K.L.:
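Input: one structure, supplied below.
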Number of protein chains: 2
Amino acid sequence: MRTVTIADVARHAGVAVSTVSYVLSGKRAISATTRQRVLDSVRVLGYHPNAGARALASKRANVIALVLPLRAGMNLPVLMQFATSVVATARQYDHDVLLMTADEGPDGLRRVAASAMVDGLLLMDVEVHDARVSLLRKLAEPSVLIGFPADAEGLTCVDLDFQRAGALCAEHLAERGHREMALLGAPEVVYERGTGFAERTRAGFLAEATRRDLSARAVPCEETYDEVASAVKLLLDAHPGLTGLVVHNEAAVGHVLGALRALGRSVPDDVSVVAICPDDIAERARLTSVLIPAEELGREAVRLLMAKLDGLPAGSLLLEPRLTIRESTR
Amino acid sequence: MRTVTIADVARHAGVAVSTVSYVLSGKRAISATTRQRVLDSVRVLGYHPNAGARALASKRANVIALVLPLRAGMNLPVLMQFATSVVATARQYDHDVLLMTADEGPDGLRRVAASAMVDGLLLMDVEVHDARVSLLRKLAEPSVLIGFPADAEGLTCVDLDFQRAGALCAEHLAERGHREMALLGAPEVVYERGTGFAERTRAGFLAEATRRDLSARAVPCEETYDEVASAVKLLLDAHPGLTGLVVHNEAAVGHVLGALRALGRSVPDDVSVVAICPDDIAERARLTSVLIPAEELGREAVRLLMAKLDGLPAGSLLLEPRLTIRESTR
DNA sequence: GTCAGATGTCGAAGCGCTTCGAAAACGTTT
DNA sequence: AAACGTTTTCGAAGCGCTTCGACATCTGAC
């Protein structure tokens, strides 16, 4: 069973190869009758264009690269939601997705770009000082970053506005009358790595609290039950009047609740808890939360990349955080 | 800056295009001096072969498709470990990975196969009755499945030997003198969906317990704290002598421990707990566990696929489970 | 010194598609 | 009926690579 080529379709439909091509691409007008005949032949023969040949002739692979930070300690559910959304959206634009891991580094990007395997690149979890960023500037292929590097000039970046998110949490707690609050953040290493979103959340939270003249502090937070429990205990011992807690660490949020329960503090009666985390986690635990809109992020990133592929200019995008009130704050 | 082609390299090195090609592919002997000259030119010019052209001429895209079940409720960490491992291993064989989601269904597989985008397919989380399986049999492209469908005849499948895993847990508990035990499994829907690994674990566990003349039962297990807690309570109330617990549900295992704590049962003094879950979770909670060897699974799957790409026969593979004793059993 | 077989290199023919320029077919207008 | 635009279709030239057969050159055996 030889594979069906465009020549087979042309022969079957009684037209020239180029006519078939134009029917399929729509780049030139073809009469309705011919078009229909060609389309029928395509269907009958089960024709699928050869991707390599198409890429070679048109200089468009119809593939984008998705570079994921597949190292440990990432927020997996968010990553998956994001990846799913990228794949689905790319398909809507008739593109496929080549999966790469960050540990191929700049060389990997150079390779796929130079080999014309992909038309554009999507990098997730870009760090503040990222070795790949300067390369992306030089590459002919357009790219979109998830997250903001230190110098985003000339790049297209998409992210949740974490600063606003942090502020929003402080605001929510303040409006409910809480005067003393704390942010439990990512593990220490995440801050050390210079991960932008963690820092910006903290900054936004503290700034808003300060602006409102509230007592607030931010502490890193590891992810085992024991460490979380001791961090929570320390915090409550040191600040007996503390009644508002923001948790920006989806792996730890369950443990925080457990620790509060163990310490005899009820949520939300004694302590209000706001989480910044994916929706499913918050939903499951009925937590008031700012969700991480992974799906929207993926969709928008692809949209921007497709715009750039079409030669349109595309600026950066900060998604507005949305707070969903559930049962953990009062 | 026009992109560098093989003709540029040939000109620069003063040889024929075909010679460059043979140097790069190693398919014909080339003298050491010529070879070196060509390699130097490649380096100097920064040449990367055009993937489309290569695919077109050689009928090999050097890309494999990875089809992930990116729906909710999956075990994300395992999935990610697996994906990482697949990408890394594929790169070792000089292949890239095209990411697809299961919800493109059979049509998606047909499309990428027919368009010669990929040379082979890797499907994760194959279900017992999977619509895609019959298609895979017809496809010219070789494929490897993670998980076993009902009829694996003629297919190459890789999986952890879950039946052995279930048995191993029963065996471990039995050897420690536990006479009454239970398996907390996946949520009900997972069984209803006919997910093979869940069923096989249960079967292996129950069979081994029966063989040893122990009292054992298996119950499904949802993933919210409240549901887990009530399931655990029910179980312990109904079987006061129950001292051995196997948990095959990574999302629930934390809750199980919490529930036991809440019921005043200490682990491992009152109840021994064996988990079947990814290593990181077990490690974090210091649980005796059978780990899900996601990385090995990915590596072996790629290895088998590559063998098939080279025309070698490749049978199915069941990975032997390994039990790691930590602090939750006695 | 000649010849058979290695060994190393070259040229050219595609692979299946897109795209450009031009030809063919068709109405309209004179 | 000729001349002119339009619309529709065709043919051919690549895109950058692999691969096959053929040619050159070099061995060693006789």
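Proteins get letters first, then strands, A, B, ... in listed order; numbering begins at 1 in each. All values below were derived from every heavy atom in this structure, side-chain atoms included, with hydrogens, water molecules and symmetry-related copies excluded. These figures come from a predicted structure and were not determined experimentally.
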K.L.:
Strictly below 4.0 Å: does A/Arg28 bring a side-chain N or O up to OP1 or OP2 of D/dT9?
P.N.:
no
K.L.:
Quick one: do the B/Ser31 and B/Thr34 side chains pair a donor with an acceptor below 3.5 Å?
P.N.:
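Judged by distance alone, the side chains do pair up.
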K.L.:
Show me the dot-bracket string of DNA chain D, counting Watson-Crick or G-U pairs under 3.5 Å, with | for pairs to another strand and [ ] for crossing ones.
P.N.:
||||||||||||||||||||||||||||||
K.L.:
On DNA chain C, does the nearest nucleotide to B/Leu56 precede the nearest nucleotide to B/Arg37 from the 5' side, or the other way round? Give the residue.
P.N.:
B/Arg37
K.L.:
Could you check whether any side-chain heavy atom of B/Pro149 comes within less than 4.5 Å of a side-chain heavy atom of B/His129, counting everything from C-beta outward?
P.N.:
no
K.L.:
Check whether any side-chain heavy atom of A/Arg37 lies under 4.5 Å from a side-chain heavy atom of A/Val15, and answer yes or no.
P.N.:
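Counting from C-beta outward, A/Arg37 and A/Val15 do come under 4.5 Å.
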K.L.:
Choose from C/dT18, D/dT18, C/dG8 the nucleotide whose nearest atom is closest to any side-chain atom of B/Arg54.
P.N.:
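Of C/dT18, D/dT18, C/dG8, D/dT18 is nearest to the side chain of B/Arg54.
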K.L.:
Determine whether a donor-acceptor pair (one donor, one acceptor, N or O, separation below 3.5 Å) exists between the side chain of A/Tyr22 and the base of C/dC17.
P.N.:
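Check fails, no donor-acceptor contact within cut-off.
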K.L.:
Let me spell it out: for each of B/Lys59 and A/Ser18, pick the nucleotide of DNA chain C with the closest heavy atom. Which residue's pick is nearer the 5' end?
P.N.:
B/Lys59
K.L.:
Looking at A/Glu320, I'd like to know if its CD atom is crowded, meaning that more than 12 non-hydrogen atoms belonging to other residues, nucleotides or ligands lie closer than 6.0 Å.
P.N.:
yes
K.L.:
Give every pair of a protein N or O atom and an N or O atom of nucleotides 25-28 of chain D that lie under 3.5 Å apart, one pair per line with the distance.
P.N.:
none

K.L.:
The side chain of B/Thr5 is closest to which nucleotide in this list: C/dG8, D/dT9, D/dC17?
P.N.:
D/dC17
K.L.:
I want to verify a distance call: between C/dT18, D/dT9, D/dG16, whose nearest atom is closest to the B/Ala53 side chain?
P.N.:
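Looking only at side-chain atoms, B/Ala53 lies closest to D/dG16.
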K.L.:
Tell me whether the side-chain N/O atoms of A/Ser31 come closer than 4.0 Å to OP1 or OP2 in D/dT9.
P.N.:
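True: A/Ser31 side-chain N/O within range (under 4.0 Å) of D/dT9 OP1/OP2.
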K.L.:
For DNA chain D, whose closest nucleotide is more 5', that of B/Asn50 or that of A/Thr34?
P.N.:
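Closest to the 5' end, via its nearest nucleotide, is A/Thr34.
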